Protein chains: 2
Amino acid sequence: MTGSGKGPRERMVFSAAQLIRRDGVGATGMREVAAHARAPRGSLQHYFPGGKEQLVNEAVAWAGRYAGRRVARFTAGLAEPRPSGLFAAMAGQWIEEYETTGSLAGCPVAAATVDCAASAASTREAAAAAFAGWRGPVTEALTGLGVPAARAEPLATLMISSLEGAIIMARAEGGVGPLKTVARELGPLLDAAVAPGHAGGAGA
Amino acid sequence: MTGSGKGPRERMVFSAAQLIRRDGVGATGMREVAAHARAPRGSLQHYFPGGKEQLVNEAVAWAGRYAGRRVARFTAGLAEPRPSGLFAAMAGQWIEEYETTGSLAGCPVAAATVDCAASAASTREAAAAAFAGWRGPVTEALTGLGVPAARAEPLATLMISSLEGAIIMARAEGGVGPLKTVARELGPLLDAAVAPGHAGGAGA
DNA sequence: AAGTATGTATGACGCCGGTCATAGTAGCTC
DNA sequence: GAGCTACTATGACCGGCGTCATACATACTT
């Protein structure tokens, strides 16, 4: 997650995502993105002729892909292959970040939605695509964990919704309480959706 | 919800909440708020000497009180007194708004959190207070509906989180799908938390 | 060596934001 | 009717924003 390896273009997209995550779209300036990415300011108009809107959209898309990949990795590394474990891992990523950095930034996709859904159609669509690219792997993971196909996608939507909402409440409260609460409360409910007779993980 | 009755001060707070809800804090201008409230621009510095931050904080507080009162009214008017009914009513308010107005604004508390949590401590606290003032009535309602005291507050947190997240996803997708999905999936899980033997509503 | 993409570097422009300063206008008391 | 308070009304200021225009440096082609 250093983001300083690749080319300047990627770094700028990455930096944009980070800054949007923390301050929202409106309060994130183009110059600021370039500075944060240690990229030349002139490269902005070179790589993103579509201006800020394009940059924001790419940052959102990047975040969506990142979240999707992350889910796949979580699923592969679950100690106890149950839906609750996946959800705990998703929430745990945010808890861990808070406890590491001491402060909690939000989700760039949510920020872009809040700030742009009503004003920039392309950004709204980028956010929708990002959510779809996140929900997909979650849905697959759930089916792989034994959730009936018909319920996998709705439950994936519920998981992502709860997580997004908990992130916001956690930021407001200045603590990870809501994230832990949501993980604790929703987990068992998700496990209950596993088809009976499915070969669970370690315990039961 | 007309908001044009009371004095100019209240109207401005209300207008601020509405505009923030739609465009986010950053994209909402002070002049715009005054114009929307049909209030004189000079009144801004008169009523809100603390500037934009104060106005935003009051808008957030207003939204929190509104949400809390709303929950109390939902609870009183439930056809089937079950947790799922309350949650459906909460989500239904948003669905209805979308189907009435044709577009979906967000929650002002969420918007303020996303845009200000990292930059304005007072706004972050206002948002936390607003969430608390929303969660309180939900918690009470759940206990009144038969949810054991120990689980009422965590489940209230889960409900609000899911709703907030679903609102964001719905805005991104440009449709109420996520709201309906979340209501459908979470409702039964909430009902299952009702203490056994509790005198439920109509059916079971 | 000339030429041409590709990327970098700045400076300027216009705009709109929040805020300040300063008047002006009721409505009320004494 | 003088004086005070509450509110309204503007205009100006300064700063930051996104964007544009333009010039410069590479690096690869032919």
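Every value quoted in this text rests on a predicted model; they were computed, and no experiment measured them. Below, chains carry the letters A, B, ... as their sequence lines are ordered, and counting in each starts from 1. For the numbers below, each heavy atom of this structure counts, side chains included, while hydrogens, waters and symmetry mates do not.
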Q. Nearest nucleotide by nearest heavy atom, which residue falls closer to the 5' end of DNA chain D, B:G42 or A:P49?
A. B:G42
Would you mind reading off the distance between [X] atom [atom1] and [N] atom [atom2], rounded to a whole angstrom?
{"X": "A:H46", "N": "C:dG7", "atom1": "NE2", "atom2": "P", "result": "4 Å"}
{"X": "A:R41", "N": "C:dG7", "atom1": "CZ", "atom2": "C1'", "result": "15 Å"}
{"X": "A:R9", "N": "C:dT8", "atom1": "CZ", "atom2": "C1'", "result": "16 Å"}
{"X": "A:E32", "N": "D:dG16", "atom1": "CD", "atom2": "C1'", "result": "11 Å"}
{"X": "B:Q45", "N": "C:dT19", "atom1": "CD", "atom2": "P", "result": "10 Å"}
{"X": "B:L44", "N": "D:dC7", "atom1": "CG", "atom2": "P", "result": "14 Å"}
{"X": "B:R38", "N": "D:dT8", "atom1": "CZ", "atom2": "P", "result": "15 Å"}
{"X": "A:E53", "N": "D:dG18", "atom1": "CD", "atom2": "P", "result": "13 Å"}

Q: Could you tell me whether B:W62 and B:Y66 have their ring centroids closer than 6.0 angstrom?
A: yes
Per [X] side chain, nearest of listed nucleotides [options]:
{"X": "A:P40", "options": "D:dT8, C:dT8, C:dT19", "result": "C:dT8"}
{"X": "B:K52", "options": "D:dT8, C:dG18, D:dG18", "result": "C:dG18"}
{"X": "A:M30", "options": "D:dG18, D:dG11, C:dA9", "result": "D:dG18"}
{"X": "B:Y47", "options": "D:dC7, D:dT19, C:dT19", "result": "D:dC7"}

Q.
Could you check whether A:K52 pairs with A:E58 (Lys NZ or Arg NE/NH1/NH2 to Asp/Glu carboxylate O, under 4.0 Å)?
A. no
**Q.** N-O pairing of B:E185 and B:K180 below 4.0 Å
**A.** no
**Q.** A:A39 or B:G26, whichever maps to the more 5' nucleotide of DNA chain C
**A.** A:A39
Q: Report the C-alpha separation of A:T157 and A:F131 in whole Å, then their side-chain angles, then the decisive distance to 0.1 Å, and conclude whether the side chain to side chain contact (heavy atoms under 4.5 Å, CB included) test is met.
A: CA-CA 9 Å; A:T157 298; A:F131 279 127; over 6 Å; no
Q: Considering just the side-chain nitrogens and oxygens of A:S43, establish if one lies under 4.0 Å of OP1 or OP2 belonging to C:dG7.
A: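 For C:dG7, OP1/OP2 do not have a side-chain N/O of A:S43 under 4.0 Å.
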**Q.** B:R73, CZ atom: more than 12 neighbouring heavy atoms under 6.0 Å
**A.** no
(Q) Distance criterion of 3.5 Å, no angle test: do you see the side chain of A:R31 paired donor-to-acceptor with the base of D:dG18? (A) yes
